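Data first, discussion second: the structure below is written as C-alpha cells.
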Amino acid sequence: YKRKLALNLEISVLKKSIRGASGMVFRQELKSMKRVLRRLKYTEADDVVSMKGRAACGIDSGDELVLTELIFDGVFNDLAPEVCAALLS
C-alpha cells in the first residue's frame with residue numbers, strides 16, 4: 001500500500017511537471033505569434049488590434065492574413081468584380 005501511495009505521488013509530481021513544460025511551450029508559441037502580428041501591423045506596440053487586424057478578423061474563409069495583405073496592398077483595386085469573385089471563390 002505504501003508503495004502504491006509513493007507511486008501515485010510520483011505520478012502527480014510528473015503530471016505537474018508536464019503541465020508546466022507544455023505551458024511554457026504554449027507561452028513561447030503565443031509570444032511568437034504576437035510578434036508576427038505586430039511586425040505585419042495587425043496589432044499596435046501595446047497589443048491593441050489595428051484596423052488591418054480587425055479586417056483580418058472579419059475574414060472567415062481561406063488564409064486570413066494573406067487575403068488581408070492582398071486587400072491592403074490594393075491588388076483587387078483594378079480588377080473587375082467578376083474577376084475578384086472568381087479569385088476569391
Side-chain angles (χ1 to χ4, degrees):
Y1 180 75
K2 287 181 182 181
R3 180 162 164 69
K4 181 181 177 183
L5 285 177
L7 289 174
N8 282 338
L9 180 63
E10 186 178 349
I11 289 171
S12 297
V13 169
L14 290 174
K15 282 183 179 180
K16 285 181 184 178
S17 174
I18 289 171
R19 268 184 257 139
S22 66
M24 282 179 51
V25 170
F26 289 133
R27 261 183 262 132
Q28 183 61 36
E29 217 175 294
L30 177 63
K31 190 175 180 181
S32 297
M33 288 179 190
K34 285 171 59 175
R35 188 179 318 118
V36 168
L37 291 174
R38 215 175 300 120
R39 285 182 182 168
L40 292 172
K41 308 267 191 276
Y42 286 88
T43 60
E44 308 291 332
D46 54 353
D47 293 333
V48 175
V49 179
S50 67
M51 181 172 56
K52 192 175 182 183
R54 279 186 245 134
C57 289
I59 299 170
D60 60 351
S61 62
D63 192 349
E64 296 87 359
L65 299 182
V66 173
L67 188 54
T68 303
E69 289 296 318
L70 291 173
I71 291 169
F72 277 80
D73 285 344
V75 171
F76 299 108
N77 290 349
D78 297 331
L79 299 177
E82 300 83 22
V83 176
C84 287
L87 284 173
L88 298 173
S89 64

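Since the model is a prediction, treat every value here as computed from it, not as a measurement. We use all heavy atoms of the structure for the numbers below, so side chains are in, but hydrogens, waters and symmetry mates are not.
Under the salt bridge (charged side-chain N to carboxylate O under 4.0 Å, His left out) criterion, Glu69 pairs with Lys52, sequence neighbours left out. Looking at residues two or more places apart in sequence or on another chain, you find no salt bridge (charged side-chain N to carboxylate O under 4.0 Å, His left out) involving Asp46. Residues that satisfy the side chain to side chain donor-acceptor pair (under 3.5 Å) test with Lys41, not counting sequence neighbours, are absent from this structure. Ser32 pairs by the side chain to side chain contact (heavy atoms under 4.5 Å, CB included) definition with Gln28, Arg35, not counting sequence neighbours. Looking at residues two or more places apart in sequence or on another chain, you find a side chain to side chain contact (heavy atoms under 4.5 Å, CB included) between Leu30 and Lys34. Residues passing the salt bridge (charged side-chain N to carboxylate O under 4.0 Å, His left out) test with Arg54: none are found, sequence neighbours excluded. For Leu70, the side chain to side chain contact (heavy atoms under 4.5 Å, CB included) partners at least two apart in sequence or on another chain are Val66, Val75, Phe76. Residues satisfying the side chain to side chain contact (heavy atoms under 4.5 Å, CB included) criterion with Lys4, sequence neighbours excluded, are Asn8.
Tyr1 belongs to a hydrophobic cluster whose other members, connected by ILVMFWY side-chain contacts under 4.5 Å either directly or through intermediates, are Leu5. Chaining together hydrophobic side chains whose heavy atoms lie under 4.5 Å apart places Leu37 alongside Val36, Leu40, Tyr42, Leu65.
Between Ile59 and Glu64, the closest heavy-atom pair is O-CG, 3.1 Å.
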Sequence neighbours excluded and cut-off under 3.5 Å, please list the side-chain donor-acceptor pairs for residues 78-89, or say none.
| unit_1 | atom_1 | unit_2 | atom_2 | d |
| --- | --- | --- | --- | --- |
| Ser89 | OG | Ala85 | O | 3.2 |
| Ser89 | OG | Ala86 | O | 3.2 |

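Rounded to the nearest 0.5 Å, atoms CD (Glu44) and CE (Met51) are 10.5 Å apart.
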